[in-house]
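Right, one structure below, let's go through it.
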Amino acid sequence: MATALGLWLAPPAALGQSTQTLDQSLDQAWQTLPVSQPQPKLTIRVGTKELPPFVSLEPATLPYGYSADLWQSIADDLALETEWVTYESVSDLLVGLKNGDVDAAISGISVTAQREAAGFDFSYPFYQSGLQLMVTKPKTTVITFASGMFNWQNFRPIVLIFASSTAVGGLIWLVEHKHNDHFSGNPLRGVSQGIWFAVVTLGTFGYGDVTPTKFIGRLIATLWMGLSFFIVADFIASLTVHQLSENQLDLAALSGESVGALKGTTGEVFLQSQPVKLVTYPSFAAAVTALEDGKIKGLVQDAPALRHFINLNPDSFELAGTLLTHEGYGIAVRENDANLLEAIDQLILDYQQQGFLQQLHEKWFNASELESRAR
């Protein structure tokens, strides 16, 4: 009250002086208050390995692809600044993660029990994958076509048809040549007529120009008609099975042969339990070169990566058989990073529900197919 009265009763000069002093004090106090500054993002080191279309390194300066886009979205949502570290192999990548050189690892890393037991934790799988076999595409030439035609698998049914037709034609001649003018004359002419009758009966042409007249001859013809269904079915089945065996080669057909895999991958672990000669390579390029040179008969690798590669090289390679295993790709962290893993898991589940993962698939896998068509 005294202060208020003093201000009201003070002379104008004194009042103005007091007001000026108060304003200066407020200015000084305001300058001493802490000013709100934008907080810098926390930097996290993330290891990766090239595995198109999940991670590609050239010609861009930063990794790009399905997994790179996924991680960038996670980093943005968690307010993290990413420092990328690249490795030559998955095994080197996991060693770097275990040693603390990086805080997380993402590429096309399969979630396995062995890796979980080795001190790593994995996020919820963001992509379902598996191993598959890639082989060189056979080149069709006149020589290979002719050799295929005279392959025993193709030639065997033809030999069976002519052998059985000759036998039936001979029996018909024996029964009919004494009283049937169609099969009379010298044995060569009569047997040839019998073979002709057997062939047209087998093929259900039914010309009727030569027919048996005796009961025994017609009985033989009837039995031959019934048997011909099985012979024709065997002929068609043999051709179909042989065609499928050529077009759908699988790992079982390469038993005892050399098959390649990348060192330190699940492909190497899988082939160790298969009846093939395992050959490991430090890089995908080295394995493909060995496959082209004929040093190995096939290459086992992650199916999405192989499909992407074949889309870019459709005339040289092809997939053989179906998926050999079923695996999920996850983001790897060390076992003591439970908080980071929990945050990543929640975001991956959100992305899955929102359709973001499907958008990534359409963006990167359809892009590889369009690129192959453009070539």
Side-chain angles (χ1 to χ4, degrees), residues 49-52 54 88-92 108-110 112-115 128-157 237-327 329 372:
K49 174 199 172 294
E50 188 170 28
L51 183 70
F54 292 94
E88 294 295 327
S89 65
V90 174
S91 57
D92 292 341
I109 308 173
S110 298
T112 65
Q114 294 85 352
R115 289 171 178 172
Q128 294 298 325
S129 176
L131 297 175
Q132 199 160 5
L133 175 68
M134 182 177 75
V135 297
T136 54
K137 181 175 288 187
K139 297 180 179 179
T140 303
T141 63
V142 176
I143 296 176
T144 56
F145 180 77
S147 63
M149 287 297 296
F150 290 100
N151 184 284
W152 172 245
Q153 294 297 327
N154 287 335
F155 202 60
R156 182 187 65 82
S238 298
L239 293 179
T240 303
V241 169
H242 180 60
Q243 183 180 11
L244 290 175
S245 65
E246 285 187 340
N247 296 339
Q248 298 185 5
L249 182 70
D250 57 13
L251 189 63
L254 298 182
S255 179
E257 301 286 351
S258 297
V259 179
L262 301 190
K263 188 173 181 60
T265 63
T266 54
E268 178 186 8
V269 176
F270 173 78
L271 288 179
Q272 288 173 351
S273 63
Q274 301 301 310
V276 297
K277 298 177 182 177
L278 171 62
V279 184
T280 59
Y281 295 92
S283 66
F284 183 73
V288 169
T289 300
L291 183 60
E292 287 181 313
D293 295 340
K295 296 179 181 178
I296 54 177
K297 296 296 184 180
L299 173 63
V300 172
Q301 173 66 324
D302 293 4
L306 291 181
R307 284 195 296 268
H308 174 78
F309 178 75
I310 291 173
N311 284 336
L312 302 179
N313 302 272
D315 298 329
S316 302
F317 303 94
E318 63 182 359
L319 293 176
T322 57
L323 286 178
L324 301 172
T325 62
H326 294 274
E327 303 170 356
Y329 288 164
S372 67

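Computation of the quantities below employed the complete heavy-atom set of this structure, encompassing side-chain atoms and omitting hydrogens, waters and symmetry-equivalent molecules. One is the number of the first residue; the rest follow in order along the sequence.
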Partner residues of [X] under the side chain to side chain donor-acceptor pair (under 3.5 Å) criterion, sequence neighbours left out:
X    : result
T322 : none
T265 : none
E327 : S110, T266, T325

*Please examine the side chains of V90 and R115, heavy atoms only from C-beta on, and report whether any two atoms are closer than 4.5 Å.*
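With C-beta onward as the side chain, the pair touches.
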*Below 4.5 Å, heavy atoms only, C-beta onward: do F317 and L299 meet side chain to side chain?*
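A side-chain contact under 4.5 Å is absent here.
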*How many angstroms lie between atom CG of D302 and atom CG of L323, to the nearest 0.5 angstrom?*
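One gets 10.5 Å once the value is rounded to the nearest 0.5 Å.
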_Approximate separation, where rounding is to 0.5 Å, of S91 OG and K263 NZ_ = 7.5 Å
Distance-only donor-acceptor hits, side chain of residues 128-136, under 3.5 Å, sequence neighbours excluded:
unit_1	atom_1	unit_2	atom_2	d
S129	OG	Y329	OH	3.3
Q132	NE2	G321	O	2.9

*Taking all atoms of both residues into account, what is the closest heavy-atom pair of S258 and K295, and its distance?*
CB-O, 3.8 Å
_Taking every non-hydrogen atom, the tightest pair across R307 and L319_ =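 Heavy-atom minimum between the residues: CG-CD1, 3.5 Å.
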*Verify the neighbour count for atom CD of E88: are there more than 12 heavy atoms of other residues, nucleotides or ligands below 6.0 Å?*
no
*Residue pair Q301, L51: steps toward the side chain to side chain contact (heavy atoms under 4.5 Å, CB included) verdict*: CA-CA 11 Å; Q301 173 66 324; L51 183 70; 4.0 Å; yes
Distance-only donor-acceptor pairs under 3.5 Å for side chains of residues 268-289, two or more places apart:
unit_1	atom_1	unit_2	atom_2	d
E268	OE1	G264	N	2.6
S273	OG	F270	O	2.8
S283	OG	A286	N	3.3
T289	OG1	A285	O	3.0

